[in-house]
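To start, the structure itself, in structure tokens.
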Amino acid sequence: MPDDAAPHAATTAAALYGVVAEFETVDQLLAAARRVHTEGFRKIDAYTPAPVHGLAEAMGYNDRRLSLLTLLGGLAGCVAGFGLCYWTSVIDYPVNTGGRPLNSWPSFIVPTFETTILFAALSCFLGLILLCGFPQPYHPVFNVAAVRERATSNGLFLAIEAVDPRFDHTATRQLLESAGAKDVYDVEP
Amino acid sequence: MLEKAKHADPPETRFIAPGHTFGSVTEKISSAVLTKRTPVSWFIGFAVGFALLQALALGVTWILVRGVGLWGLNQPVGWGFAIINFVWWIGIGHAGTLISAILLLLNQKWRMSISRAAEAMTIFAVMCAAMFPLFHTGRPWLAAYWLLPYPNTMSLWPNFRSPLVWDVFAVSTYFTVSLVFWYTGLIPDLASLRDRAKHRLLQIAYGVLSLGWRGSARDWQRYELASLLLAGLSTPLVLSVHTVVSFDFATSLIPGWHATIFPPYFVAGAIYAGFAMVLTLMIPLRRIYGFEDFVTMRHLENMAKVMLATGLIVFYGYQMEAFFAWYSANPYEWFMMKNRWTGPYAYLYWTLIFCNGVAPQALWFKKIRTTPLLLFGICMFVNVGMWIERFIIVPTSLSRDFMPSSWGIYHGTRWDWMVFVGTMGLFLTCFYLFIRVLPMLSIFEVRTLSTSAVAKEESGHA
């Protein structure tokens, strides 16, 4: 853990990844996420078994890069598909069929369309994997038994990392408790 | 996806039995996979599927040894069971994509509890469909050069102006995108299984497959965006696939094939057949695994309504085929129609009209839509009817074309039937393995339907 990044918590942060709080309801979690973000914390994340609309936004995250990646993938697929049809039918092995145009582009639309969709979908999927940092076999929050047991079933969690400049072990725990947390756990790195 | 509704939904608009929470949903669906007690019916179903799969192994082996001459093809009928079965299976797959993609874009929540099994059905159906184009080439390892664009010693490329090559592109893209979409949907559920599995090997297997998913809000945000994008991409894709399949026929000059109505009529038929197959699978499954809470009567009824609507489009298509055969004043077209009504395959035509036109009219009655056994019966008529539809299209036109001196007759041989029945075995085997090792309902999506997901406070999106 980089101690210099957490001057307020130099004594405890060295041994901690951060703290994670468990909440009872989606409303409490949303309110707590919003409050923690307002208090100036930035190294935060929430763990929920189902997507909660507005939760990432409440913590100041809004990653839309995937749309751009998908668009670029689609454009690449479009160019590749048409390029394949054009190159093979016009340049590499032109076959004159009764004087019909070699670049019969309406016929090439179907393969072009399919490769557009294929490349866009694969870019979208690989983009998701890449942006989420997968595959990621280890993450410190898995050290907390409650997260391991409930984050993918019925638990709602909010984590604050010790590297956050505003992190202070005692004060941050109190903040989370006052925000309505049922339990607050320390996360080993 | 967790809606911040001011008022909880009234019970009649819910798609889940009351009282379910995140925890109970997780427990119920994942225990069907993680349990050590496999239901007896699973073994029976798997054994039937696996036995039929041996027919495929035998049929394909003998066809590779002796050649496709074992099939019933002749002059003038050069297309037979292979394309009929291919179109039938591909069509069945369409319902899965419709449920998971189009209904997602339309924000239809009832899709959530049936999408996983329907998508699995899509993948397995496309696998079965792929058997026929693959093995009809006789020597698939030699035939690839006119289907796939790879540099070969003859310097030849596929003909990109041919609908058959379009088909290869459409179907392989469809399979790949369906698989990616399905796996993306599985990631959070695989993480649920990882965290609930007791056995170390299962923990590792599900852990590897779940890629380290931990339900982070930042990941969920990207994940939901990805789902939406994939749904948006799959929607035009699924409509294109059966359109391209119909081009195989529509771009030819054969009477009964050369019709502009083919693309919409094929797409409607695909959705019709697909929903019938989804119901055929879900009606027994929900009973065996006790999933009536998640796949409710409203789900069955909604699917029955989609079947009725698309069935009416298909039936309208049959009537328009007859109308245009007469109205075109083309003697070959009009003869084709009379031949369907009274020719050698007339018995199949009238069975088709009964299965796809008359029998589904029963779905106008709520009583039938909400009685699973009767609904199952109607679906069986549709499954059979849609296969006959493709039979009517293919050999009826080919066996009676322009020149009476070249007329013939076509019947499938035992090898045709063996490979066809064998693909049913492949489908059942894959599906039974799927329901044993993966959650057959989407756990995280069903969670969003549960009471835990209803937030009471009205709060804005910050």
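Just so we're on the same page: letters track the sequence lines, and every chain starts at 1.
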Is there a side-chain contact between [X] and [Y] (heavy atoms, below 4.5 Å)?
X: B:T26; Y: A:N154; result: no
X: A:S104; Y: B:F160; result: no
X: A:V95; Y: B:N159; result: no
X: B:R161; Y: A:F108; result: yes

As an exercise, state the distance from [atom1] of [X] to [atom2] of [Y], rounded to the nearest 0.5 Å.
X: B:F169; Y: A:I117; atom1: CZ; atom2: CD1; answer: 14.5 Å
X: B:S192; Y: A:R150; atom1: OG; atom2: CZ; answer: 14.0 Å
X: B:L225; Y: A:L66; atom1: CG; atom2: CG; answer: 5.0 Å
X: B:W220; Y: A:H53; atom1: CH2; atom2: NE2; answer: 10.5 Å
X: A:Y61; Y: B:D219; atom1: OH; atom2: CG; answer: 11.0 Å
X: A:E114; Y: B:W166; atom1: CD; atom2: CH2; answer: 11.0 Å

Identify whether NZ of Lys or CZ of Arg in B:R214 sits under 6.0 Å from the centre of the six-membered ring of A:Y47 and within 45° of that ring's axis.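 The answer is no; the distance or angle limit is not met.
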Residues of residues 118-127 of chain A contacting chain B, heavy-atom criterion under 4.5 Å, by residue number: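 Answer by number: A:L118, A:A120, A:A121, A:L122, A:C124, A:F125.
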Which answer fits A:S67, side chain, backbone, both or neither, if we ask what part of it has an atom under 4.5 Å from a heavy atom of chain B?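 Answer is both: backbone and side chain atoms of A:S67 are under 4.5 Å from chain B.
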Between A:F113 and chain B, with a heavy-atom cut-off of 4.5 Å, which part of the residue counts as in contact: side chain, backbone, both or neither?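 For A:F113, side-chain heavy atoms alone lie under 4.5 Å from chain B.
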Side chain, backbone, both or neither of [X] within contact of chain A (heavy atoms, under 4.5 Å):
X: B:F181; result: neither
X: B:T176; result: side chain
X: B:P236; result: both

Chain B contacts, top residue of [options] (heavy-atom pairs, under 4.5 Å):
options: A:H37, A:R64, A:M59; value: A:R64
options: A:V147, A:T115, A:L55, A:V110; value: A:V110
options: A:T116, A:L128, A:L156, A:T70; value: A:L128

How about B:Q221 and A:D63: does a side-chain donor come under 3.5 Å of a side-chain acceptor?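 Per modelled atom types, B:Q221 and A:D63 side chains form no pair under 3.5 Å.
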Side chains of A:S89 and B:W157, donor plus acceptor under 3.5 Å: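 No, no side-chain donor-acceptor contact under 3.5 Å.
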A:T152 and its side chain to side chain contact (heavy atoms under 4.5 Å, CB included) partner, picked from B:L193, B:D189, B:D195: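 The passing option is B:D195.
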Restricting to non-hydrogen atoms, name the atom on A:C132 and the atom on B:R222 that form the minimum distance, rounded to 0.1 Å.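 Closest approach of A:C132 to B:R222, heavy atoms only: CA-NH1, 3.7 Å.
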